[in-house]
Amino acid sequence: MKRDFLHITDFTADEIHETFALAREVKARFKAREDYKPFKDHTMAMIFAKPSARTRISFETGFFRMGGHALYLGPSDISIGKREAVKDIARVVARYNDVIMARLFSHDHVLEMAQYSSVPVINGLTDYNHPCQIMADMFTILEHRGHFRDLKIAYVGDGNNIVHSWLRLAQRLPLHFVCACPPGYQPDSKTLAETRQAGLSEIEISHDPRTAVQGADIVYTDVWASMGQKEEAQQRKERFKGFQVNDELMAATGKESLFMHCLPAERGVETTDSVIESAASIVFDEAENRMHAQNAILLKICGKG
Ligand code: CP
Ligand code: NVA
């Protein structure tokens with residue numbers, strides 16, 4: 001049975017912990033420039049329907065350094081769902097490659113791709129979620145804190161794909177997760193209900209960022225208008241007034257909190273230069289760890305880890 005990684009919940013809690021341990025091991029091998037080539041003579045097709053810096057670079061570099069070759073297929077190369085049906089391209093690409101990584105608009109498309117592909121499929125972001133990002137984020141938190149105990153994460157901003165992956169992680173690991181968003185911008189109600197039903201984590205939705213961040217170990221934000229929503233950017237700037245993560249909001253945690261952002265950031269909008277450049281900010285550790293966490297995910301779903 002081939003494995004896919006489309007949601008964090010595709011892994012058990014044990015597999016998530018194993019992935020973090022593997023990420024730490026592979027990161028050390030990379031830092032030591034060890035000759036480590038588990039993907040020698042393997043290829044990975046990377047299908048992008050949306051733009052990317054981190055996802056493309058971290059997957060391509062990571063796979064190359066593990067001995068493989070990654071192919072970048074941009075929005076105009078495949079035109080998924082337009083030039084060709086998802087179920088056709090999934091079967092074609094799987095005939096040439098050992099693994100597929102896809103960044104698509106529609107989550108249904110990535111599900112369909114995994115259904116028809118005979119090789120593992122990794123979700124590199126859809127409108128619904130971004131599982132590789134949140135695996136890298138949690139790995140980064142583990143590096144900084146050394147443990148996950150009593151962890152409060154306050155997410156301030158849009159209840160978007162990033163939040164859905166945090167909620168999925170909260171179905172597997174115990175977290176106190178608060179999402180502070182304007183009314184009307186809450187995360188998906190089904191995902192929220194499933195997370196609460198899982199009964200493992202404390203989940204809150206708030207419309208008051210100042211209260212939400214009190215006692216938070218991590219303050220996390222993301223753009224107010226995601227890819228595909230940029231025409232709403234101006235309207236969202238109005239609706240999200242008061243939700244900017246600035247020095248004042250960071251001080252409202254009342255403790256030495258860390259600041260995280262998946263990037264790309266719109267400086268001066270959802271957060272400020274001052275916060276991104278502050279000692280509390282771990283955004284570049286987070287970006288680097290995309291590569292190490294994804295390498296571990298690749299090894300696990302390809303039966304090498
Ligand atoms: N965080 C993230 O996925 O960045 P890119 O959109 O640049 O890949
Ligand atoms: N929510 C953002 C995340 C980018 C990594 C988007 O979907 O554009």
Side-chain angles (χ1 to χ4, degrees), residues 5-8 23 44 46-63 70 72-75 100-110 122-141 153 155-169 179-182 185-188 191 218-237 239-240 243-245 259-267 269-271 276 281-295 297-298:
F5 185 71
L6 309 181
H7 319 90
I8 290 188
M44 170 168 63
M46 306 191 297
I47 301 173
F48 284 91
K50 297 183 179 187
S52 169
R54 280 143 292 271
T55 304
R56 188 247 168 113
I57 300 166
S58 57
F59 267 107
E60 186 166 331
T61 307
F63 203 66
Y72 172 74
L73 301 156
I100 298 173
M101 192 286 295
R103 165 170 286 194
L104 307 178
F105 283 89
S106 158
H107 193 64
D108 285 344
H109 280 175
V110 90
I122 299 182
N123 176 359
L125 178 147
T126 65
D127 288 345
Y128 172 67
N129 68 347
H130 197 4
C132 294
Q133 178 71 54
I134 278 33
M135 287 294 284
D137 294 342
M138 201 57 174
F139 176 60
T140 308
I141 293 171
I153 298 167
Y155 175 97
V156 181
D158 184 26
N160 62 14
N161 43 10
I162 292 292
V163 177
H164 298 148
S165 284
W166 274 115
L167 291 173
R168 294 268 188 159
L169 182 68
C179 172
C181 56
Y185 293 90
Q186 289 96 325
D188 172 55
T191 307
I218 308 291
V219 179
Y220 196 117
T221 191
D222 182 18
V223 289
W224 292 341
S226 286
M227 291 179 271
Q229 299 174 329
K230 296 299 178 192
E231 71 290 348
E232 292 175 32
Q234 202 45 45
Q235 184 198 43
R236 282 171 175 258
K237 274 186 191 165
R239 299 264 167 87
F240 283 77
F243 286 82
Q244 185 186 68
V245 179
F259 171 73
M260 300 181 81
H261 190 311
C262 56
L263 305 178
E266 288 191 47
R267 289 169 182 250
V269 182
E270 75 277 3
T271 188
I276 296 179
S281 171
I282 55 169
V283 300
F284 300 110
D285 292 341
E286 201 184 341
E288 177 188 339
N289 281 335
R290 286 293 303 279
M291 179 167 74
H292 307 302
Q294 288 159 190
N295 289 346
I297 292 166
L298 278 162

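This structure is a prediction, so every number in the text was calculated from the model and none was measured. Just the heavy atoms: all of them, side chains too, but no hydrogens, waters or symmetry mates, feed the values below. As the structure lists them, so they are numbered: ligands from 1, and atoms in each ligand from 1.
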> Just by distance, do the side chain of S165 and the backbone of H130 share a donor-acceptor pair under 3.5 Å?
Replying inline: yes
>> What protein heavy atom lies closest to atom 3 (C) of ligand 2? Include the residue and the distance to one decimal.
In response: D222 OD2, 3.6 Å
>> Check this for me - ligand 2, K50, N or O atoms closer than 3.5 angstrom, yes or no?
In response: no
>> Suppose I only count heavy atoms of N161 and a 4.0 Å limit; which atoms of ligand 2 are within that range?
In response: 1 (N), 2 (C), 6 (C), 7 (O)
> Is the backbone N or O of K50 less than 3.5 Å from a side-chain atom of R103, with the two atoms forming a donor-acceptor pair by type?
Replying inline: no
> For ligand 2, is there an N or O atom under 3.5 Å from any N or O atom of H130?
Replying inline: no
> Does at least one non-hydrogen atom of L263 fall below 4.0 angstrom from an atom of ligand 2?
Replying inline: yes
> So, do L298 and M101 sit near enough that their side-chain heavy atoms are less than 4.5 Å apart?
Replying inline: no
>> Below the 3.5 angstrom mark, is there an N/O of M227, backbone or side chain, next to an N/O of ligand 2?
In response: yes
> Would one find an N or O of R103, backbone or side chain, under 3.5 Å from an N or O of ligand 2?
Replying inline: no
>> Could you go through N129 and H7, starting from their C-alpha distance and side-chain angles, then the distance that decides it, and tell me whether this counts as side-chain contact (heavy atoms from CB on, under 4.5 Å)?
In response: CA-CA 7 Å; N129 68 347; H7 319 90; 3.5 Å; yes
> By number and element, which atoms of ligand 2 are closer than 4.0 Å to a non-hydrogen atom of L125?
Replying inline: 3 (C), 4 (C), 5 (C), 7 (O)
>> Within the structure provided, determine whether F240 and D158 are in side-chain contact (heavy-atom separation under 4.5 Å).
In response: yes
> With a 4.5 Å heavy-atom cut-off, do D222 and Y155 have their side chains touching?
Replying inline: yes
>> So that I know where these two stand, are W166 and Y220 an aromatic pair - ring centroids less than 6.0 Å apart?
In response: yes
> Got a salt bridge between R290 and E60, using NZ or NE/NH1/NH2 to carboxylate O under 4.0 Å?
Replying inline: no
>> Taking the side chain as everything from C-beta on, heavy atoms only, tell me whether C132 gets closer than 4.5 Å to I122.
In response: yes
>> Is the positively charged end of R56 above the ring of Y72, judged by distance under 6.0 angstrom from the centroid and angle within 45° of the axis?
In response: yes
> Using heavy atoms and a threshold below 4.0 Å, how should the contact between D127 and ligand 2 be classified: side chain, backbone, both, or neither?
Replying inline: neither
> Under a 4.0 Å heavy-atom cut-off, which residues neighbour ligand 1?
Replying inline: S52, A53, R54, T55, R103, H130, Q133, C262, L263, R290
